[in-house]
Amino acid sequence: MKIIKEEKTILITSRIIKRKKIDHTLDQIIKDNIQKEYKVIVIGDGPDLKRLKFKYKAFKNIIFKGLIKNTKISHYYQISEFFVNLSSSEGMSNALIEAMVNGCKPIISDIPENRDTASSEAIFYNEGDSFKELISHASKLSPQKISDFASQRYTQKIQNSFLIKELYSID
C-alpha cells in the first residue's frame with residue numbers, strides 16, 4: 001500500500017484532559033507560528049474540550065473535530081503527515097500505534113512507554129524543545145518505514161503468526 005499524505009497536517013487524537021497536555025501542545029505550535037503554515041486537527045472529547053475550543057477559536061488552522069466515530073477516524077490517520085502527543089504519561093498508546101501503522105510521523109513526549117512503542121521511528125519531545133526543529137527532524141522520517149515497523153510489530157496478523165510460531169516451538 002502506497003502512503004499518500006496531505007502535506008503540512010498535524011493530527012492530535014486524545015481524550016481532552018489536562019494530563020494529555022493538548023493546551024501545552026497547541027501553545028508550542030502557536031509559539032513557533034506553525035499554525036500559520038500547518039493545519040492542526042484535534043480529535044477527541046473530554047472535560048477540557050469546550051475551554052480549548054474557546055481559547056483557540058481565533059486560530060483558523062486549528063480545527064477541533066470533537067468525538068468522531070472510529071470508522072471515520074482512520075481517514076484522519078491516513079491523510080495526516082504528523083501525529084503529535086505530548087502527554088505527560090501513557091500506557092501503550094493505541095493512538096500512537098494507529099498513527100504509525102498509517103504512516104504518520106510521530107512527535108511524542110520522551111517517556112519510557114513512548115520510547116518502547118515507537119523505538120527509533122519517532123521524534124521525541126522534551127520540555128523546552130523548539131517545535132519548529134522537531135517538525136524539521138520529523139519531516140525526514142519515512143512514512144512507509146514507520147508504517148512497516150508498526151504493522152510488523154503491532155498488527156494482529158503479524159501477532160497471530162508470531163504466537164502460532166511460538167506455540168509450535170514449545171517442546
* Structure fact -> Here the gap from Asp116 atom CG to Ser93 atom OG, rounded to the nearest 0.5 Å, amounts to 12.5 Å
* Partner residues of Ser80 under the side-chain hydrogen bond (donor to acceptor under 3.5 Å, both in side chains) criterion, sequence neighbours left out -> none
* Asked: Would you find a donor on one side and an acceptor on the other, under 3.5 Å apart, between the side chain of Thr13 and the backbone of Ala95?
  -> no
* Closest contact, heavy atoms only, Ala150 versus Met100 -> CB-CB, 3.6 Å
* Structure fact -> Here the salt bridge (charged side-chain N to carboxylate O under 4.0 Å, His left out) pairs for residues 67-78, sequence neighbours left out, are none
* Ile30 CD1 to Thr25 OG1 distance, which is reported to the nearest 0.5 Å -> 11.0 Å
* Flag yes if Phe131 and Ile111 sit in one hydrophobic cluster, no otherwise; membership is Ile, Leu, Val, Met, Phe, Trp, Tyr, and two members link when side-chain heavy atoms are under 4.5 Å apart. => no
* **Residues in side chain to side chain contact (heavy atoms under 4.5 Å, CB included) contact with Asp27, at least two apart in sequence or another chain** => Asp23, Lys55, Tyr56
* Sidechain-backbone polar pair: Ser147 side chain, Pro143 backbone, donor-acceptor under 3.5 Å -> no
* Would Ile22 end up clustered with Ile68 when hydrophobic side chains under 4.5 Å apart are linked, directly or stepwise? -> yes
* Asked: Among Glu81, Glu121, Lys5, which residue meets the side-chain contact (heavy atoms from CB on, under 4.5 Å) test with Lys105?
  -> Glu81
* Heavy-atom check, side chain of Pro106 versus side chain of Leu141, under 4.5 Å -> yes
* Structure fact -> The complete set of ring pair (Phe, Tyr, Trp, His ring centres under 6.0 Å) pairs with one or both residues in residues 3-32, sequence neighbours excluded, reads His24-Tyr125
* **Verdict with supporting geometry, Phe59 and Leu26, side-chain contact (heavy atoms from CB on, under 4.5 Å)** => CA-CA 10 Å; Phe59 299 95; Leu26 294 174; over 6 Å; no
* Tyr154 side chain to Thr117 backbone, donor-acceptor under 3.5 Å -> yes
* Can you list every pair that meets salt bridge (charged side-chain N to carboxylate O under 4.0 Å, His left out) and has a residue in residues 82-101, with sequence neighbours left out? -> Lys20-Glu90
* Structure fact -> Here the gap from Ile10 atom CD1 to Ile63 atom CD1, rounded to the nearest 0.5 Å, amounts to 11.0 Å
If you look only at distance, which donor and acceptor atoms sit under 3.5 Å apart when one is on a side chain in residues 34-50 and the other is two or more places apart or in another chain?
from  : atom 1 : to    : atom 2 : distance (Å)
Glu37 : OE1    : Lys8  : NZ     : 2.6
Lys39 : NZ     : Glu6  : OE2    : 2.8
Asp48 : OD2    : Lys18 : N      : 3.3

* SG/Cys104 to CD/Gln78 distance, rounded to the nearest 0.5 angstrom? -> 9.5 Å
* To do: Give, for atom OG of Ser14 and atom CZ of Phe83, the distance between the pair rounded to the nearest 0.5 Å.
  => 7.5 Å
* Tell me whether Phe64 is reachable from Ile17 by hopping between hydrophobic residues (I, L, V, M, F, W, Y) whose side-chain heavy atoms are closer than 4.5 Å. => no
* Asked: So, for Ala122 and Ile108, which heavy atoms are closest and what is the spacing to 0.1 Å?
  -> CB-CD1, 3.8 Å
* Residues Thr9 and Tyr76: side-chain donor-acceptor under 3.5 angstrom -> no
* For residues Ser109 and Phe124, determine if any side-chain heavy atom of one lies less than 4.5 Å from a side-chain heavy atom of the other. => no
* Nearest-0.5 Å distance, CG of residue Asn102 to CD1 of residue Ile97 -> 12.5 Å
* Asked: Any side-chain heavy-atom pair from Leu96 and Asn114 closer than 4.5 angstrom?
  -> yes
* Ile73 reachable from Leu67 in the ILVMFWY side-chain graph, under 4.5 Å edges -> no
* Within a radius of less than 6.0 Å around NZ of Lys65, do more than 12 heavy atoms belonging to other residues, nucleotides or ligands occur? -> no
